[in-house]
> 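Structure provided below as structure tokens; questions to follow.
So you know, we letter chains A, B, ... as the sequences are listed, proteins then strands, and number each from 1.
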There are 2 protein chains.
Amino acid sequence: MATRSTARKDEFDALVVLERFLPYRLNVLAALSSNALAQIYAERFGLSIPGWRVIATLGQYDVRTARDIAAHGIMHKSTVSRAVSALEERGLVVRRANQQDRREELLALTAQGRAIYASLAPQALAFEEQLVSVLSREEQRTLSSLMDKLTRHARAMAPDGEAGQ
Amino acid sequence: MATRSTARKDEFDALVVLERFLPYRLNVLAALSSNALAQIYAERFGLSIPGWRVIATLGQYDVRTARDIAAHGIMHKSTVSRAVSALEERGLVVRRANQQDRREELLALTAQGRAIYASLAPQALAFEEQLVSVLSREEQRTLSSLMDKLTRHARAMAPDGEAGQ
DNA sequence: GATTAACCGTTGCTCCTGCAACCAATAAGC
DNA sequence: GCTTATTGGTTGCAGGAGCAACGGTTAATC
């Protein structure tokens, strides 16, 4: 193993090569993308990451429960709960009790919330566009399809309801 | 816009479709993979995520500074600092002052640290293998190459030294 | 060569986040 | 129908993580 006194193996007998280890690479890429995106919605709108995710989900789906949002984005339910409270306090989100099942609350954006969504969405898309601009359209489609496959499989692998609780 | 009283747009006029929005998808996939992997090194070895990353980096590169590790894995320098302190206290990592530049410290695994690395690495690889098993070898190579391109570009886009500070 | 700037790493502070326990409501079991 | 389990959501608590300010060291500037 340690043959030389001042060993410098430089990944000779490395067991895991991080640059090829998918979970590590996914984290690095997700962190880079998240950090960059966060600058937009944090600085300009004072939104946290979960806050933006809640708004984006409600912007797309109109009405959802906190549980749905958590499961969709692999967030802890307490994370979503607190994000929703903060957004409600700022008047961006409203809760409405579901009369069919009064355990859950139906969430929706207010007019103000939709305004932020409408203002933020194009900037988010522009960022994404810039990010994927190194790939050809064909490559983008391929990446998309591979990620879908992987995500479906990863969700299936996750212990029971780990797909967000 | 809101044409019907009980609107249910279901992504009709959604500005951002999360299922196709790359940063969101990257986060979801990274979270799924991280959560699953964390179970291995948290439960069996009491390691935090940054802790495991430090060990994996030193396992591969033998000797690195905290700064290197942070930049490599897009972690904040304080995160790495605290992870290293914890690992040192457990006797898994040693610091050695660099005599050429006494600002930085050269980090390395102890025998005990290497033992954990050796025990953990195969399990991590097995998990990765299981994760990518939905893809053919060809698809795995393609994904790998696309992710490399994207990551290089994302690193270049990041403000100056954001590639880990 | 003295001052200034840049850099590595640590730490106090604060906020975030996950866990687990909990409340309220519904569903299941008997 | 009453008890028990499950579920959606909240919250106290404790650990984790980012920010910014700092000490100590080296590089740059003049």
> State which of C:dT11, D:dA17, D:dG8 makes the closest approach to the side chain of B:P50.
D:dA17

> Can a donor-acceptor pair under 3.5 Å be found between the side-chain atoms of A:R103 and the base atoms of D:dT7?
yes

> Considering just the side-chain nitrogens and oxygens of A:T79, establish if one lies under 4.0 Å of OP1 or OP2 belonging to C:dG18.
yes

> Roughly how many Å is it from CD in A:Q100 to P in C:dA27, rounded to a whole number?
11 Å

> Using atom CZ of A:R96 as one end and atom P of D:dG9 as the other, report the distance to the nearest whole Å.
13 Å

> Give, for atom OH of A:Y61 and atom CG of A:L107, the distance between the pair rounded to the nearest 0.5 Å.
15.0 Å

> In Å, rounded to the nearest 0.5 Å, how long is the span from CG of A:L143 to CE of B:M147?
8.0 Å

> So, do A:V134 and B:M157 sit near enough that their side-chain heavy atoms are less than 4.5 Å apart?
no

> For residues 124-134 of chain B, which residue pairs pass the salt bridge (charged side-chain N to carboxylate O under 4.0 Å, His left out) check, not counting sequence neighbours?
B:E129-B:R137

> Residues two or more places apart in sequence or in another chain: which of them pass ring pair (Phe, Tyr, Trp, His ring centres under 6.0 Å) with B:F45?
none

> From CZ of A:R67 over to P of D:dG9, roughly how many Å is that when rounded to an integer?
8 Å

> Without decimals, in angstroms, what is the distance between A:R53 CZ and C:dT17 P?
10 Å

> Are B:R95 and C:dC8 close enough that a side-chain N or O sits under 4.0 Å from OP1 or OP2?
no

> Identify, residue by residue, the members of residues 80-90 of chain A with a heavy atom below 4.0 Å from DNA chain D, and return them in order of residue number, or none.
A:S81, A:R82

> Whole Å only: how far is the CD atom of A:E105 from the P atom of D:dT7?
19 Å

> Tell me yes or no: between the side chains of B:T151 and B:D148, is some donor less than 3.5 Å from an acceptor?
no

> B:D101 has an atom CG; how far is it from atom P of D:dG24, in whole Å?
16 Å

> To the nearest Å, how far apart are A:R64 CZ and D:dG9 C1'?
18 Å

> Once you round it to whole Å, what is the distance between P of C:dA21 and NE2 of A:H76?
13 Å

> Can A:E104 and A:R67 be counted as an ion pair, charged N to O under 4.0 angstrom?
no

> Just checking B:T65: base, sugar-phosphate only, or nothing, at a heavy-atom cut-off of under 4.0 Å?
sugar-phosphate

> Can you figure out which of D:dT11, C:dA25, C:dC8 approaches the side chain of A:R102 most closely?
C:dA25

